[in-house]
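Step one of this worksheet: look at the structure below.
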Amino acid sequence: MLERYKTVRRAGEKEIVIKKSRFIGQIKPVESEAEAIAFIEEIKKKHWNATHNCSAYMIGERDEIQKQSDDGEPSGTAGKPILEVIKQQGLKNVAIVVTRYFGGIMLGAGGLIRAYTDGAVAATEAGEVITRVLHREVFAELDYTWLGKVENELRNREIRTGETAFADNVTLLCLPLESEAEAFKAWLVDLTQGQVVLKEGNRVYFIEGE
């Protein structure tokens, strides 16, 4: 799993008008090629009377899956520019469809490339670009006498935390960065003079800054 990657927060759409043609940029975060294809088909069904529904998507930790479609526009003037926007913004696991309703004025190859680029950028703005950062669940079981000190130190270090479970001992759910998990555990053992029982949980993503 990647330590961090950029994607979009949500599905979104934004329309721009260029020389009377309407370009509607639509984006969705996707986890598989099947999900990307389903999104594209959904948009095509929604805009069945559009002149073109051009698309691109990129999926995988190493961008293994990259596809594009000009959907009837001159080769290389639509799908490729959309895919380039995904690459240039460093996004992963997203699908974009730019729908065009022809307004009667020809744009030429250069004009089409610029228009589909702008439509794709508009889509990313609507979806809101975010960075997802990998964390590790670390459950720390300790005596209640340590609770105040540990909680205070976690706040000082700005370590993300989850729910606290209260039983015979107290168990804190700590969520350090995956890359710092081992160092974090060593620090916690040192802080509590070895009076803590640690258990690792899942690796989970959180949005940076939230």
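Counting from 1, the numbers follow the sequence of the chain as shown.
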Leu154 and Asn152: side chain to side chain contact (heavy atoms under 4.5 Å, CB included), yes or no, with the steps?
CA-CA 5 Å; Leu154 290 172; Asn152 186 57; over 6 Å; no

If we ignore angles and hydrogens, is there a donor and acceptor under 3.5 Å between the side chains of Tyr101 and His52?
no

Are side-chain N/O atoms of Arg100 and Ser21 paired as donor and acceptor at under 3.5 Å?
yes

Looking at Val85 and Thr124, what are the two nearest heavy atoms and their distance?
CG1-CG2, 4.3 Å

Hey, is Glu33 close enough to Lys67 for a salt bridge, meaning N to O under 4.0 Å?
yes

Are Ile16 and Ile82 connected in the hydrophobic side-chain network, where two residues link if heavy atoms are under 4.5 Å apart?
yes

What one should report as the nearest heavy-atom pair of Leu175 and Gly162 is CD1-N, 4.0 Å

What distance separates Phe166 CZ from Tyr144 OH, expressed to the nearest 0.5 Å?
6.0 Å

Rounded at 0.5 Å granularity, tell me how far OG1 in Thr7 sits from CD1 in Ile130.
6.0 Å

Testing the 3.5 Å rule here: is there a donor-acceptor pair between the side chains of Thr99 and Asn53?
yes

Answer yes if the side chains of Ser69 and Asp71 hold a donor-acceptor pair under 3.5 Å, and no otherwise.
no

Contact summary for Gly25 and Ala123, nearest pair of heavy atoms:
C-CB, 3.5 Å

Give the minimum heavy-atom separation between Leu188 and Thr192, together with the two atoms involved.
O-OG1, 2.9 Å

Within one Ile-Leu-Val-Met-Phe-Trp-Tyr cluster: Leu147 and Val196, side-chain cutoff 4.5 Å:
yes

Ignoring hydrogens and angles, tell me if any N or O in the side chain of Glu35 forms a donor-acceptor pair with the backbone of Glu31 under 3.5 Å.
yes

Please name all residues satisfying side chain to side chain donor-acceptor pair (under 3.5 Å) with Glu210, sequence neighbours left out, ordered by chain then number.
Arg9

Take atom NZ of Lys6 as the centre, draw a 6.0 Å sphere, and report whether it contains more than 12 heavy atoms from other residues, nucleotides or ligands.
yes

Nearest-0.5 Å distance that lies between atom OH in Tyr116 and atom CG in Leu83
15.5 Å

Nearest-0.5 Å distance that lies between atom CG in Leu177 and atom CZ in Phe184:
10.5 Å

Could you state the interatomic distance from CD1 (Ile159) to SG (Cys174), rounded to the nearest 0.5 Å?
8.0 Å

Show your working on ring-ring contact (aromatic ring centres under 6.0 Å, His included) between Tyr205 and Tyr5 and close with a plain yes or no.
CA-CA 10 Å; Tyr205 282 105; Tyr5 69 93; 5.2 Å; yes

Do you know the tightest heavy-atom contact between Asp70 and Gly76?
OD2-N, 3.0 Å

Testing the 3.5 Å rule here: is there a donor-acceptor pair between the side chains of Gln26 and Lys46?
no

Neighbour count above 12 (heavy atom, 6.0 Å) for Glu3 CD
no

Does the cation-pi check pass for Arg160 over Phe206, that is, NZ or CZ under 6.0 Å from the six-membered ring centre and within 45° of its axis?
yes

Between Arg132 and Glu208, does any side-chain N to carboxylate O distance fall below 4.0 Å?
no

Would you call Glu128 and Arg10 a salt bridge, using N to O less than 4.0 angstrom?
yes

Is any side-chain heavy atom of Ile96 closer than 4.5 Å to one of Ile86?
yes

Looking just at side-chain N and O atoms, do Thr171 and Glu141 make a donor-acceptor pair shorter than 3.5 Å?
no

Can a salt bridge be assigned to the pair Lys185 and Glu182 using a cut-off of 4.0 Å between side-chain N and carboxylate O?
yes

NZ of Lys92 to CD1 of Ile59, rounded to nearest 0.5 Å, is 11.5 Å

Could you report the tightest heavy-atom contact between Val98 and Gly119, atom names first, then the distance?
CG2-C, 3.8 Å

Is the count of non-hydrogen atoms from other residues, nucleotides or ligands lying under 6.0 Å from Glu61 atom CD greater than 12?
yes

